[in-house]
2 protein chains.
Amino acid sequence: MNFEEGKKQFIQTWGKLGSEWGINRTMAQVHALLLIAPKPLSTEEIMEELSISRGNANMNIRDLLGWNLVHKELVPGDRKEYFVAEKDIWEIAKRISRERKRREIEPVKSVLHQLQEVEGDRSKDEVKAFTDMMNQLGGFVDKMDKSVDIMLSSDQSWFFGMLLKLIK
Amino acid sequence: MNFEEGKKQFIQTWGKLGSEWGINRTMAQVHALLLIAPKPLSTEEIMEELSISRGNANMNIRDLLGWNLVHKELVPGDRKEYFVAEKDIWEIAKRISRERKRREIEPVKSVLHQLQEVEGDRSKDEVKAFTDMMNQLGGFVDKMDKSVDIMLSSDQSWFFGMLLKLIK
DNA sequence: CTAAACTTTCAATAATTACTGAAAATTCAA
DNA sequence: TTGAATTTTCAGTAATTATTGAAAGTTTAG
């Protein structure tokens, strides 16, 4: 496969993966493009490469900034903004984990803890099954949460080293 | 909060979490309902509880069967099918991990490996940046994949025990 | 067999989510 | 200041995804 085909396929694949995991396809494609760019890209260049409108490019770039996966870079003597992606994959994984934890896991955690205290006749099957499940889920989410905290304060080789040391 | 409110909120919350992670909201809601049900539910009961159509209920139940999160249960002397969810959260986590690995990670892994071998002038910045990124991503996905394998062959207390032993 | 009970399919439609493009807002060089 | 360059917003539209409901298919009791 040649470079141009490879590039196209990577952008497609990354976009598809994103959308399967609840991330806007175009945002993932902009991310893919920046991941393989050897230099900062302008909004114009992104629009051009992905054949998308200015508004769309702008919104998805802003979102990527919000996820801390991309940052602005100013070129002296140029009014335009340029964008660069974080290139270290472990750092990328951490930033995605940090945001998903903050935006999606923490709120669920808080709801589950509230739901552990519903009032109701505990002799009823329904209520018993409910509170049992809330306790189980609450405990699980807490452990997941702590695991993410550990990952966030680790470096890649230590983290995987520990985890993979245990292969049978 | 009383039981009925709690139930409603759990179904809502689980549905929202699902949709944020790329899973059909209704499928997640059916799952939530079955998670807290003290006994097998029929399609009728699911339609009723969630106010959804028969077709919708049927399709989402089939999907849950495909994820191995729910199984059929036959009641002797009754033509209807009843459905029960796996209730052990670690088992649930494993089954979700297994399916996402199979459906979404493995295909990406295979593409990334192909993309590590694009042909092109390696002295060009573009090509160098591309292959470097593909190598990094390929390595990372391999390690993730192995980590999931370990998780899939572990029990909950061992897995979290190992991971959480290391909190500072 | 037959027909009632039940499940599945799928074309039509609804709901949701994403995108466009042009106007408004902002920035900054002169 | 001014106005050209650039970014942002957002109403309208397009594309995607999910849902309905009725017809077709399947199963089983009698």
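Below, chains carry the letters A, B, ... as their sequence lines are ordered, and counting in each starts from 1.
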Inset, instruction - Specify the separation, in whole Å, of atom NZ of B:Lys16 and atom P of C:dT16. - result: 15 Å
Legend entry - Whole-Å distance separating the NZ atom of B:Lys72 from the P atom of C:dC6: 14 Å
Legend entry - Residue met sooner reading DNA chain D from 5', once B:Met59 and A:Asn56 are mapped to nucleotides: A:Asn56
Inset, instruction - Round to the nearest Å and state the distance from A:Tyr82 atom OH to D:dT6 atom C1'. - result: 12 Å
Legend entry - Atom-pair distance (CD1 on A:Ile61; C1' on D:dT9), nearest Å: 15 Å
Legend entry - Given DNA chain C, 5'-ward residue of the pair B:Phe83 and B:Arg25, judged by closest heavy atom: B:Phe83
Inset, instruction - Name the closest nucleotide to the B:Thr43 side chain, picking from D:dT7, D:dT20, C:dT7. - result: C:dT7
Inset, instruction - Please report, rounded to the nearest Å, how far the P atom of D:dT20 is from the CE atom of B:Met47. - result: 9 Å
Legend entry - CD/B:Glu106: more than 12 non-hydrogen atoms of other groups inside 6.0 Å: yes
Inset, instruction - Please determine if a side-chain N or O atom of A:Thr26 lies less than 4.0 Å away from the OP1 or OP2 oxygen of C:dC19. - result: yes
Inset, instruction - Please confirm whether the backbone N or O of B:Ser42 pairs with a side-chain atom of B:Glu45, one donor and one acceptor, at under 3.5 Å? - result: yes
Inset, instruction - Measure from the side-chain heavy atoms of B:Lys80 and tell me the nearest of D:dC10, D:dT7, C:dC6. - result: C:dC6
Inset, instruction - Taking only the side-chain heavy atoms of B:Glu81 (C-beta and beyond), determine which of D:dT20, D:dT9, C:dT8 contains the nearest atom. - result: C:dT8
Inset, instruction - Starting from the 5' end of DNA chain C, give me the residue, A:Gly55 or B:Ser19, whose nearest nucleotide shows up first. - result: B:Ser19
Legend entry - For atom CD1 of A:Ile52 and atom C1' of D:dA15, their distance in whole Å: 15 Å
Inset, instruction - Return no unless some side-chain N or O of A:Arg54 is found under 4.0 Å from OP1 or OP2 of C:dT20. - result: no
Legend entry - B:Met162 atom CE, over 12 foreign heavy atoms within 6.0 Å: yes
Legend entry - Option passing side-chain contact (heavy atoms from CB on, under 4.5 Å) with A:Phe130 (candidates A:Glu126, A:Met134, A:Met133): A:Met134
Inset, instruction - In whole angstrom, give the distance that lies between atom CG of A:Leu74 and atom P of C:dA29. - result: 11 Å
Legend entry - Integer-rounded Å distance: C:dA18 P and A:Arg62 CZ: 19 Å
Inset, instruction - Return yes if the base of D:dT27 and the side-chain atoms of B:Arg79 contain a donor-acceptor N/O pair under 3.5 Å, otherwise no. - result: yes
Inset, instruction - Please check if B:Ile96 and B:Leu152 belong to a single hydrophobic cluster, counting links between Ile, Leu, Val, Met, Phe, Trp and Tyr side chain heavy atoms closer than 4.5 Å. - result: yes
Legend entry - Proximal nucleotide (of C:dA18, D:dT28, D:dT7) relative to the A:Asn58 side chain: D:dT7
Legend entry - Nearest-nucleotide pick for A:Ser53, side chain only, options being C:dG21, C:dC6, D:dG21: C:dG21
